[in-house]
Engineer: 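Quick one: this structure, given as structure tokens, is what I'll be asking you about.
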Amino acid sequence: KGYDRLVGIYPKLRDYDIEVAAAGKISDIEFPKDKGWHELGYITDSQNLINAADLVVAPNRDTYFDLIILEALAQGKRVITSNTGGSNDIVKDTIALDLFDNEDESDLLTKILEAKDQDKQKVSQMENDGISFCRERCGVDRFADNYLKCVQRLYRSFSK
């Protein structure tokens, strides 16, 4: 989905002492054999990894809606992802999500470096905003209300 992008910019990230922990199915793409690159493979405890991270990066090329983004926001983490799919909607409602240009790999690097340099007060504000967004917009009650509204709209459109 975009793992190769992170691999591609890693040499520049290393120049800024940024470490990467990559989780998920191990790709056929050759990953950096470097002390700053931590290839974890498939994990079952994403919450602890997210909690340990300063920043979550989902370098998707194409996606409808990536649940790891919501998991990270709910845990109070800043997220950088591409301007594809549902991320274009989420970014309108929280400052904890930052989008990079899907057509410009160098923009991913720029966004990560900007996130690294954010002051602690801004980081805290963003993290709290992500938690609030998830609490207010992504909870079970809100999901159920939206689901019922959708079913009702479908029922009305088919019963005409």
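What you see is a predicted model; the values in this text were computed from it and never measured. All heavy atoms count here, side chains included; hydrogens, waters and symmetry mates do not.
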Engineer: Look up atom CG in N102 and atom CG in N83, then write down how far apart they are to the nearest 0.5 Å.
Structural biologist: 5.5 Å
Engineer: Measuring from Q152:CD to R156:CZ, what's the distance to the nearest 0.5 Å?
Structural biologist: 6.0 Å
Engineer: Going only through I, L, V, M, F, W and Y residues with side-chain contacts under 4.5 Å, is there a path from V56 to F133?
Structural biologist: yes
Engineer: State whether the number of non-hydrogen atoms from other residues, nucleotides or ligands found under 6.0 Å of D93 atom CG is greater than 12.
Structural biologist: yes
Engineer: Among V7, L6, I9, which residue satisfies the side-chain contact (heavy atoms from CB on, under 4.5 Å) criterion with V20?
Structural biologist: L6
Engineer: What are the two closest heavy atoms between A74 and C134, and how far apart are they?
Structural biologist: N-SG, 3.4 Å
Engineer: Among the clusters formed by ILVMFWY side chains lying less than 4.5 Å apart, do V79 and Y64 turn up in the same one?
Structural biologist: yes
Engineer: State whether a side-chain donor-acceptor pair under 3.5 Å links T94 with D129.
Structural biologist: yes
Engineer: Is there a side-chain contact between I26 and Y3 (heavy atoms, below 4.5 Å)?
Structural biologist: no
Engineer: D98 side chain to I80 main-chain N or O, any donor-acceptor pair under 3.5 Å?
Structural biologist: no
Engineer: Are side-chain heavy atoms of D4 and R61 found at a separation under 4.5 Å?
Structural biologist: yes
Engineer: Report yes or no: is the cationic atom of K12 (NZ for Lys, CZ for Arg) closer than 6.0 Å to the six-membered ring centre of Y10, at no more than 45° off its axis?
Structural biologist: no
Engineer: Looking only at non-hydrogen atoms, find the nearest pair between K116 and Y16 and report the distance.
Structural biologist: CE-O, 3.0 Å
Engineer: Over all heavy atoms of both residues, which pair between I50 and K77 is shortest? Give the atoms and the distance, please.
Structural biologist: O-CE, 3.1 Å
Engineer: Indicate yes or no: at least one non-hydrogen side-chain atom of E71 is less than 4.5 angstrom from one of I68.
Structural biologist: yes
Engineer: For the residue pair S82 and R5, establish whether any side-chain heavy-atom pair is separated by less than 4.5 Å.
Structural biologist: yes
Engineer: Run through L108, I18, D15 and flag the one making a side-chain contact (heavy atoms from CB on, under 4.5 Å) with L113.
Structural biologist: I18
Engineer: Can you tell me if NZ on K25 sees more than 12 non-hydrogen neighbours from other groups inside 6.0 Å?
Structural biologist: no
Engineer: Can you give me the closest heavy-atom contact between H38 and K35, atom names plus distance?
Structural biologist: CE1-O, 3.2 Å
Engineer: Determine the minimum heavy-atom distance between D66 and A58, stating which atoms define it.
Structural biologist: OD2-CB, 4.2 Å
Engineer: Above 12 or not: heavy atoms from other molecules or residues under 6.0 Å from CZ of R142?
Structural biologist: yes
Engineer: Please walk me through it: do K122 and I95 pass side chain to side chain contact (heavy atoms under 4.5 Å, CB included)?
Structural biologist: CA-CA 10 Å; K122 177 69 174 176; I95 61 170; 4.3 Å; yes
Engineer: Do Y155 and F158 share a hydrophobic cluster (ILVMFWY, side-chain heavy atoms under 4.5 Å, transitive)?
Structural biologist: no
Engineer: Got a donor-acceptor contact below 3.5 angstrom from the S124 side chain to the Q121 backbone?
Structural biologist: no
Engineer: When hydrophobic residues are tied together by side-chain contacts of less than 4.5 Å, even through go-betweens, does L73 share a cluster with L49?
Structural biologist: no
Engineer: Could you check whether any side-chain N or O of D101 sits under 3.5 Å from a backbone N or O of D107, counting only pairs where one atom can act as donor and the other as acceptor?
Structural biologist: no
Engineer: I'd like to know if the side chain of T63 reaches the main chain of G85, judged simply by a donor and an acceptor atom lying under 3.5 Å from each other, with no hydrogens or angles considered.
Structural biologist: no
Engineer: Tell me, with the steps shown, if L99 and S87 meet side chain to side chain contact (heavy atoms under 4.5 Å, CB included).
Structural biologist: CA-CA 8 Å; L99 303 181; S87 299; 3.8 Å; yes
Engineer: So which atom in P59 and which in V57 form the shortest heavy-atom distance, rounded to 0.1 Å?
Structural biologist: CD-O, 3.5 Å
Engineer: I would like to know whether I112 and F100 meet side chain to side chain contact (heavy atoms under 4.5 Å, CB included); could you show each step before the answer?
Structural biologist: CA-CA 9 Å; I112 293 171; F100 71 91; over 6 Å; no
Engineer: With no hydrogens and no angle check, just 3.5 Å: does a side-chain donor-acceptor pair link R137 and N146?
Structural biologist: no
Engineer: Working to the nearest 0.5 angstrom, can you tell me the gap between N128 CG and M126 CE?
Structural biologist: 11.5 Å
Engineer: Dump the intermediate steps for side chain to side chain contact (heavy atoms under 4.5 Å, CB included) on I90 and L70, then the final yes or no.
Structural biologist: CA-CA 9 Å; I90 296 171; L70 292 182; 4.1 Å; yes
Engineer: Got a donor-acceptor contact below 3.5 angstrom from the R78 side chain to the E127 backbone?
Structural biologist: no
Engineer: Spell out, yes or no, whether V140 and V151 are grouped together once hydrophobic residues are joined by side-chain heavy atoms under 4.5 Å, including indirect joins.
Structural biologist: no
